[in-house]
Amino acid sequence: MTLSVCLIVKDEQDVIGRCLNCACKFADEIVVVDTGSTDNTVSEVKKYTDKVYFFKWRDDFSAARNFAFDMATCELVMWLDADDVVTDENCKKIAALKNSFDGYDMAILPYAAAFDGDTPTFVYNRERIFRRDKNYRFVGAVHEAVTPSGRILYSDAAIWHKKVKENEPMRNLRIFQKLIASGTALDDRQKFYYGRELLFNKMYREAIAVLENFLRGGGWSVNKSEACLNLYTAYKELGMEERALASLLRGFTIAPPDSQSCCILGEWFMKKGEIDAAIYWYEAALKASDNASAGGFINRDYGGFIPYMQLCVLYDRLGDFEKARAYNEAAGRLKPLNASYLSNVKYFEKLGLRSKSNDK
C-alpha cells in the first residue's frame, strides 16, 4: 500500500530537513502544511516535496492536522512532527509495515520522547498510521489525538521525538484557557491534559482542582492512574505530604502499581529509614508490568536503572555487600557509562568485590 506522511510546521528550519530525510525512506508522498513560518522552513521543505500547503493558524492543532490529511492522496496516511527522527532500522520497519496493512485500519507505534544518550527512556504509544478511506480525524485543539477504533495493528517501529528547542512558553495552557473563556466545556480527556499543563507551569492548586474534578468523572483509566501521580506531585510541591501519599495510593484502586509509583514508595520508606519496606517496593518496581500497549506514559528508568541503584544502596546499608554489588552490576548493564555506577564499582573493588559480568 502507498503511504502519505503528513506534517504541520511553523519555523522549523533547523530540524525539518532531518525529519524529511527520514520520511523519504518510507513515504510515497510527503505533505507539509505550514501554519505561518517566518524563517526558511518552506524553502527547506521544498527540497523534499512539492506538496506544500498553507493553513491559517487558529490555535487548533486538530484542525491543522486534519487539513494535512485532507491533502494526502495515498492509501495510508501517517503523521509526524517536524522534530521527529526515525532510525534506519525503524524506517525499514515502517516501509515493511505498508505491506502488512491488509486487514487493518490503523497502526499504533511507540513514541520515544526522552533519552539517555540514544537510549529511549520515556516511551508511550501513539496512533500513527491510518487507512485514508476510513476518514480518521484528530480531535482536541491541543494534545490532539485520533480515537483508536477499528482493526488495530501494533508495531514496534518507533518514532523518536528529538526536540532542539522549547515550545512557546504556556502555549498549550493559553489555548486551553481560551477555550474555557469562549464557553467551551472541556471533555474528560481535555480536563486531564489541562490539569497537567497547570502542573507543568507550577500552578499547583489550580492543577489539583482540575485533576480532582477529572477523577470524579469519566475518562480513560490510564489517564486516571496518571492523574493520581500528577496529584502526588502537586500536593508534594505544596508540602502536603500525606495528601500526596493518599493520591499516589488512590491510583492503585484504578490500575496495578506501575514502576514509577513503586519507586516513589520505595523512596518514601527509604527516607523514613524503613529499609525492608523500601526494598519491597523497589523490588516491586522491577516486577511491575508497565504495559506499553495500554497507552500510558512509561519512564523506563523506573523499571530498571533506578530500582537497581537504590537496591544497591539499601543492601549496602544492611551489610550485604555481595547483593549490593550484584544490583549495581545490573544497573551497569543498562547504563555502563553512568557516573554513579562507575563510582560504586570502585567502592566495591576497595571491599574486594570485583565486577562479575554474569550477574543477573
Side-chain angles (χ1 to χ4, degrees), residues 3 5 7 9 11-27 30 41 44-45 47-48 78-98 107-129 154-167 200 258-260 263 285-286 288-310 312 327-345 355 357-360:
L3 174 66
V5 174
L7 298 89
V9 300
D11 293 336
E12 301 287 3
Q13 65 178 16
D14 295 333
V15 293
I16 191 62
R18 183 185 67 176
C19 177
L20 296 183
N21 186 56
C22 299
C24 283
K25 298 174 184 177
F26 50 81
I30 295 175
T41 295
E44 287 295 315
V45 167
K47 296 177 183 178
Y48 297 88
M78 173 183 184
W79 66 274
L80 287 175
D81 281 341
D83 46 8
D84 287 342
V85 176
V86 188
T87 65
D88 285 342
E89 178 185 1
N90 286 313
C91 284
K92 292 175 184 176
K93 289 181 179 180
I94 295 172
L97 194 64
K98 294 189 294 181
I108 291 180
L109 278 60
Y111 202 19
F115 303 83
D116 183 358
D118 283 330
T119 301
T121 58
F122 185 71
V123 183
Y124 55 99
N125 278 352
R126 281 302 308 264
E127 63 290 354
R128 181 67 64 174
I129 304 174
Y154 287 89
S155 170
D156 64 353
I159 309 299
W160 289 11
H161 191 56
K162 284 277 195 174
K163 295 176 65 172
V164 299
K165 66 178 183 179
E166 293 301 318
N167 293 332
F200 298 156
D258 59 27
S259 60
Q260 183 175 358
C263 282
L286 294 172
S289 63
D290 284 351
N291 184 10
S293 64
F297 303 118
I298 299 172
N299 187 325
R300 292 177 175 173
D301 281 349
Y302 286 111
F305 183 77
I306 290 173
Y308 282 141
M309 290 297 288
Q310 295 296 70
C312 168
Y327 275 118
N328 189 60
E329 289 299 305
R333 284 193 289 274
L334 296 175
K335 298 188 180 186
L337 301 179
N338 179 266
S340 295
Y341 156 70
L342 293 172
S343 177
N344 287 345
V345 169
S355 172
S357 59
N358 62 343
D359 282 335
K360 302 296 183 183

> Do Y111 and D84 have side-chain atoms, one donor and one acceptor, less than 3.5 Å apart?
Replying inline: yes
>> Can you give me the closest heavy-atom contact between Y302 and A285, atom names plus distance?
In response: O-CB, 3.7 Å
>> List the residues meeting salt bridge (Lys or Arg N to Asp or Glu O under 4.0 Å) with D14, not counting sequence neighbours, and say none if there are none.
In response: none
>> Within this structure, what is the CG-NZ distance for the pair D156 and K93, rounded to the nearest 0.5 Å?
In response: 3.5 Å
>> Show the nearest heavy-atom pair for residues L109 and A157, with the distance to one decimal.
In response: CD2-O, 3.0 Å
>> Would you say that V345 contacts N328 through its side chain, given a criterion of any heavy-atom pair below 4.5 Å between the two side chains?
In response: yes
> How far does NZ of K47 sit from CD1 of I16, to the nearest 0.5 angstrom?
Replying inline: 12.0 Å
> Do any N or O atoms from the side chain of R300 and from the backbone of V123 form a donor-acceptor pair under 3.5 angstrom?
Replying inline: no
> Is there side-chain contact between Y124 and P110, with heavy atoms separated by less than 4.5 Å?
Replying inline: no
> What heavy-atom pair brings L286 and P307 nearest, and what distance separates the two atoms?
Replying inline: CD2-CG, 3.5 Å
>> Evaluate R18 against V164 for side-chain contact (heavy atoms from CB on, under 4.5 Å), listing each step before the verdict.
In response: CA-CA 12 Å; R18 183 185 67 176; V164 299; 4.0 Å; yes
>> Can you list everything that forms a side-chain contact (heavy atoms from CB on, under 4.5 Å) with A114? Sequence neighbours excluded, please.
In response: T121, F122
>> Checking A27 now: which residues fulfil side-chain contact (heavy atoms from CB on, under 4.5 Å) with it, not counting sequence neighbours?
In response: V5, I30
> Where the side chain of N125 meets the backbone of I108, is there a donor-acceptor pair that is under 3.5 Å apart?
Replying inline: no
> Hey, what do you get for CG (N338) to CG (N344), rounding to the nearest 0.5 Å?
Replying inline: 9.0 Å
> If we only count heavy atoms from C-beta on, is the V85 to C19 side-chain gap below 4.5 Å?
Replying inline: no
> Any idea which heavy atoms bring Y48 and G17 closest together, and the distance?
Replying inline: OH-O, 3.4 Å
> Does D116 reach the main-chain N or O of T119 with its side chain, forming a donor-acceptor pair under 3.5 Å?
Replying inline: no
> Taking all non-hydrogen atoms of both residues, which atom of D118 and which atom of W160 are closest, and how far apart?
Replying inline: O-CH2, 3.2 Å
> Can you tell me how far CD of E89 sits from CD1 of I94, rounded to the nearest 0.5 angstrom?
Replying inline: 11.0 Å
>> More than 12 heavy atoms of other residues, nucleotides or ligands under 6.0 Å from NZ of K92: yes or no?
In response: no
>> Looking at T41 and Q13, would you say the former's side chain and the latter's main chain have a donor-acceptor pair under 3.5 Å?
In response: yes
>> For the CD1 atom of I129 and the NZ atom of K98, what is their distance to the nearest 0.5 Å?
In response: 9.5 Å
> Hey, does the side chain of N299 reach the backbone of D301 with a donor-acceptor pair shorter than 3.5 angstrom?
Replying inline: yes
> Between L20 and V45, does a side-chain contact (heavy atoms from CB on, under 4.5 Å) hold up when you go through it step by step?
Replying inline: CA-CA 8 Å; L20 296 183; V45 167; 4.2 Å; yes
> Passes side-chain contact (heavy atoms from CB on, under 4.5 Å), I159 versus R126? Steps please.
Replying inline: CA-CA 10 Å; I159 309 299; R126 281 302 308 264; over 6 Å; no
>> Check E329 with R333, please: is the shortest side-chain N to carboxylate O separation under 4.0 Å?
In response: no
> What do the steps show when you test C263 against Q310 for side-chain contact (heavy atoms from CB on, under 4.5 Å), and what is the final call?
Replying inline: CA-CA 9 Å; C263 282; Q310 295 296 70; over 6 Å; no
>> Could you check whether any side-chain heavy atom of M78 comes within less than 4.5 Å of a side-chain heavy atom of L97, counting everything from C-beta outward?
In response: no
> Hey, does the Lys NZ or Arg CZ of K162 hover above the aromatic six-ring of F115, less than 6.0 Å from the centre and inside 45° of the axis?
Replying inline: yes
> Which atom pair, heavy atoms only, marks the closest approach of A23 to L80?
Replying inline: CB-CD1, 4.3 Å
>> Nearest 0.5 Å, please: how far is CZ in F26 from CG in N90?
In response: 9.5 Å
> Does any N or O in the side chain of R128 come within less than 3.5 Å of the main-chain N or O of W79, such that one atom is a donor and the other an acceptor?
Replying inline: yes
